[in-house]
Amino acid sequence: IQGVGIRISFHRTIRFVVFLQGCNLRCKCCHNPDTWNMSEGREYTPDEIVRRAMNFREYFGREGGITLSGGEPLLQADFAREVFLKCHREGINTCLDTSGSILTDKVKSLLEHTDRVLLDIKYTTLRDWLKGLTYPRIGKVEAMANYFGCEKSDLIEDKKEKPTVDDGLSEAKRKLI
């Protein structure tokens, strides 16, 4: 783990954020390149993470909670799943901040225990993707969105308003922010 701390999210909620080590992408716009290498950072157990998050639980409210970010947290899907299972036992909301570049059975198992997914789409065209990344994986991001029942058009960012939970979205789409 590269670091932990408290952040106020875009939903105006308090979240305990954990930055996991390791990333399979090399985005030129990356704000956390120190998380790329899997062998760096400090090791924590899921119990240690949840125990630290519990120190801030009174500030979370209904929508606040823990966010796993990175790097790419999907590279540590088993660890993330265990953290989220323990969080749910404590009544803590869970959020995954991911590029969506990995969709394996382990990741699907993690997503079953994830309350919210922040799918961080950095590039919406293959041309932009190729300019901004070493390893293009736009198809993987589309696969992740499709897993949540989103169409390709749902990934376009220049909509005037973002959908809200009350817009009749499916339960799966509600997870995807």
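One is the number of the first residue; the rest follow in order along the sequence.
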Task: Check: R52 and V18 side chains under 4.5 Å, non-hydrogen atoms - done: no

TODO: Run the numbers on Y44 and R42 for side-chain hydrogen bond (donor to acceptor under 3.5 Å, both in side chains), then give the verdict.
DONE: CA-CA 7 Å; Y44 288 84; R42 179 173 175 231; 2.6 Å; yes

- [ ] Measure across T94 and C87 and return the closest heavy-atom pair with its distance rounded to 0.1 Å.
- [x] CG2-CB, 3.7 Å

Task: With sequence neighbours excluded, residues passing salt bridge (Lys or Arg N to Asp or Glu O under 4.0 Å) with K106 - done: D78

Task: Straight-line distance of E40 CD to D34 CG, nearest 0.5 Å - done: 8.0 Å

Task: Cluster link W36 to L68, ILVMFWY, side chain under 4.5 Å - done: no

TODO: Find out whether L20 and T35 are in side-chain contact, i.e. whether some heavy atom of one side chain is under 4.5 Å from a heavy atom of the other.
DONE: no

Task: Student check: side-chain heavy atoms of Y147 and V107 closer than 4.5 Å - done: no

TODO: State, without any angle test, whether H88 and D115 hold a side-chain donor-acceptor pair at a distance under 3.5 Å.
DONE: yes

Task: Close side-chain approach of V17 to F19, heavy-atom, < 4.5 Å - done: yes

- [ ] Could you tell me which residues satisfy side chain to side chain contact (heavy atoms under 4.5 Å, CB included) with E72, sequence neighbours excluded, listed by chain and number?
- [x] C23, N24, L74, L75, T98, S99, S101, I102

- [ ] Output, in order, the C-alpha distance, side-chain angles, deciding distance and verdict of side-chain contact (heavy atoms from CB on, under 4.5 Å) for M54 and I92.
- [x] CA-CA 8 Å; M54 290 292 290; I92 298 174; 3.5 Å; yes

- [ ] Without swapping roles, check the side chain of N32 against the backbone of G71 for a donor-acceptor pair under 3.5 Å.
- [x] no

Open item on the list: If you define the side chain from C-beta out and look only at heavy atoms, does anything of I49 sit under 4.5 Å from K86?
Closed with: no

TODO: Indicate the atoms forming the closest heavy-atom contact of M38 with Q21, along with that distance.
DONE: SD-O, 3.2 Å

Open item on the list: Looking at E63 and R15, is any side-chain nitrogen of the basic one under 4.0 Å from a carboxylate oxygen of the acidic one?
Closed with: no

Open item on the list: Are R89 and L85 packed together at the side-chain level, in the sense that at least one heavy-atom pair is separated by less than 4.5 angstrom?
Closed with: yes

Task: Passing option when L96 is tested against I66, L118, L111 for side-chain contact (heavy atoms from CB on, under 4.5 Å) - done: L111

Open item on the list: If the condition is side chain to side chain contact (heavy atoms under 4.5 Å, CB included), which residues does T45 pass it with, not counting sequence neighbours?
Closed with: D47, E48

Task: Heavy-atom closest contact (G91 atom, R57 atom, distance) - done: CA-NH2, 4.1 Å

Open item on the list: Can you tell me how the ring of F56 sits relative to the ring of F16, calling it parallel under 30°, perpendicular over 60° and tilted otherwise?
Closed with: parallel

- [ ] Please answer whether the main-chain N or O of D105 pairs with a side-chain N or O of S109 as donor and acceptor at a distance below 3.5 Å.
- [x] no

